[in-house]
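Each ligand, and each atom within it, is numbered from 1 in the order the structure gives.
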Amino acid sequence: MAGGCTFLIVANRLPVDRVTDATGKAAWRRSPGGLVTAIAPVLQRRHGAWLGWAGAADEDLKPFEDDGMHLIPVPLSAEEVQDYYEGFSNATLWPLYHDVVGEPVYERSFWEAYQRVNRRFAEMAAEVAAPGAVVWVQDYQLQLVPAMLRELRPDLRIGFFLHIPFPPMELFYRLPWRRQIVEGLLGADLVGFQRPGAASNFIRLCRRLLNLKYQGNQVFVDDRVVRAQAFPISVDFNELDEVVRRPQTWRRAAQIREELGNPQKILLGVDRLDYTKGIGQRLSAFGELLGSGDIAPGEAVFVQIATPSRERVEQYRLLRDEIELQVGRINGEHARLGAPPVHYLHTSYSRAELAALYCAADVMVVTPLRDGMNLVAKEYVSCRGDQQGALVLSEFAGAADELRQAFLVNPYDIDGLKKIMLEAMRANPAELAKRMRAMRRRVATYDVDRWAADFMDALESHDETSREGR
Ligand code: ADP
Ligand code: F6P
């Protein structure tokens, strides 16, 4: 059975979550994370549909329109949220794919749920997609969907993009269901990754695990060719650039500085509260700099905005406790009345408020232990049309491939982190402008539109039966 959607995004989450406001009324709020930030503008421009979970368990919602997008909710039971989303996606795959910075849990019931929910997504996509439609499946939660969908609807053109890192073979081999995951991905015509190294990891696996032939970025599967290639994701540079041209953004930035007690330097971190983001490492470095007197009392404040994330997964609960303990300790040791050195906000902000924060920040501290890309780094660069501001960036974020003029750092090296944070705080305006100009050129050229266009061009021009070079 075919439907009428000619362009369909399939992602674990819809771009909006169903929330209940203070008066008890249901409302929609933008979902957290980089995937939504990147894909929502693409869908709005292409007038397609988005199939995904609405963020709460045991809800059966009808398709609806929001913000120029046609949204089709996929229901999940409470047990599926626990086993498929919190379990296999975020307690097994997330830590495994992020270099095992957390210990993955290998639980057979999680895997059962992952297969069941992936099948539901594939079946719903097969129902709504028009004949020959383009379907773009997103991220690690849905790696089985491409093959399941191809089986149901061989007429479709199927793309897949992985927003997080793809691990080296030695780590991936630990996964008891490794073969099924690779076979699932190979249902796509085009498998996109953030970095070239991830695409080569995948191609090597196809050869070693499934004994498939390959040439360059093409893998030969039965009578089909699957391409695996890097497409580094980006942000809507022009939208952010426009927001910061508004005088009210800079007025708000000045007000933020004042609310913080007019420190000489504002350091900023903006992340989902996730153990891959290196929040503890950057706070340790800042705390030690205060302790040693390298940063004088009142000279600098650190603002850490941490969006609540995956709060029912144990590792995330533990992380929240650790970070809050650490913030309490630093403030306990170094605060003066009314002037804490660390401002920690466990909440989400509007895009406008985030833009003002980026404008207020003298040093943006982005220190993930591993990150597929990290859009926060690119958002900061997009917002600094004044050519000022220093970006401290982990070598282990995908963004480090492109933002070479950032203050690059190994976040495991606390002394190195301290040194680079001080260097960034003390850099002169001319040096900052030189670095920022180069980074802005890169993000302005390779923005989210270019990312989506490159992926879609590669998908739409792909000749799936080409046997060239075999
Ligand atoms: P991830 O996809 O792992 O969450 P990214 O850095 O790639 O990491 O993307 C995070 C996205 O979520 C960015 O667009 C960022 O602006 C947004 N975001 C992060 N923290 C907040 C927050 N506290 N309030 C609003 N948006 C946030
Ligand atoms: O980019 C990684 C990612 O897991 C996305 O798939 C997701 O939209 C985002 O982070 C936020 O995660 P979650 O949907 O688990 O809140």
Assess [X] for proximity to ligand 1: is some non-hydrogen atom of it under 4.0 Å away?
{"X": "His163", "value": "no"}
{"X": "Tyr358", "value": "yes"}
{"X": "Val36", "value": "no"}

Check each of [options] against [atom] and report the one with the nearest heavy atom.
{"atom": "atom 1 (P) of ligand 1", "options": "Glu353, Lys277, Met373", "answer": "Lys277"}
{"atom": "atom 15 (C) of ligand 1", "options": "Gln304, Glu379, His346, Arg30", "answer": "Glu379"}
{"atom": "atom 8 (O) of ligand 2", "options": "Leu35, Asn374, Asp274", "answer": "Leu35"}
{"atom": "atom 12 (O) of ligand 2", "options": "Arg310, Met373, Gln141", "answer": "Arg310"}
{"atom": "atom 23 (N) of ligand 1", "options": "Thr276, Val270, Thr307", "answer": "Thr307"}

For [X], is at least one N or O under 3.5 Å away from an N or O on ligand 1?
{"X": "Thr347", "answer": "yes"}
{"X": "Arg272", "answer": "yes"}
{"X": "Leu375", "answer": "yes"}

Presence of salt bridge, [Y] and [X], under 4.0 angstrom:
{"X": "Arg116", "Y": "Glu112", "value": "no"}
{"X": "Arg442", "Y": "Asp401", "value": "no"}
{"X": "Asp271", "Y": "Arg282", "value": "yes"}
{"X": "Asp241", "Y": "Arg245", "value": "yes"}

Could you tell me if any non-hydrogen atom of Gln138 lies under 4.0 Å from any atom of ligand 2?
->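 No, Gln138 has no heavy atoms under 4.0 Å from ligand 2.
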Below 4.0 Å from any atom of ligand 2, is there a heavy atom belonging to Asp139?
->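 A heavy atom of Asp139 does come that close to ligand 2.
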Numbered atoms of ligand 2 (with element) below 4.0 Å of Trp94, judged on heavy atoms |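 Counting atoms of ligand 2 from 1, those under 4.0 Å from Trp94 are 2 (C), 4 (O).
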Would you say the side chains of [X] and [Y] form a donor-acceptor pair under 3.5 Å?
{"X": "Trp28", "Y": "Asp67", "result": "no"}
{"X": "Gln143", "Y": "Asn118", "result": "no"}
{"X": "Arg13", "Y": "Ser31", "result": "no"}
{"X": "Ser284", "Y": "Gln326", "result": "yes"}

Report yes if some N/O of Arg13 lies less than 3.5 Å from some N/O of ligand 2; otherwise report no.
->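 Yes; the residue has a nitrogen or oxygen that sits under 3.5 Å from a nitrogen or oxygen of the ligand.
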Any N or O on Ser309 sitting closer than 3.5 Å to an N or O of ligand 2?
->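 N/O-N/O distance below 3.5 Å does not exist for this pair.
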Would you mind listing which atoms of ligand 1 come within a distance below 4.0 Å of any non-hydrogen atom of [X]?
{"X": "Asn374", "result": "6 (O), 7 (O)"}
{"X": "Ile305", "result": "23 (N)"}
{"X": "Arg351", "result": "14 (O), 16 (O)"}
{"X": "Leu354", "result": "16 (O), 25 (C), 26 (N), 27 (C)"}

Give the contacting part of Ile164 toward ligand 1: side chain, backbone, both or neither, where contact means a heavy-atom distance below 4.0 Å.
->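 It is neither; nothing of Ile164 touches ligand 1.
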Pairs touching residues 368-378 that satisfy side chain to side chain donor-acceptor pair (under 3.5 Å), sequence neighbours left out |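 Passing the test, one end in residues 368-378: Asp99-Arg370, Lys277-Asp371, Asp371-Asn374, Lys378-Glu402.
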Is the gap between the ring centers of [X] and [Y] under 6.0 Å?
{"X": "Phe166", "Y": "Tyr97", "answer": "yes"}
{"X": "Trp451", "Y": "Phe161", "answer": "yes"}
{"X": "Phe193", "Y": "Phe202", "answer": "yes"}

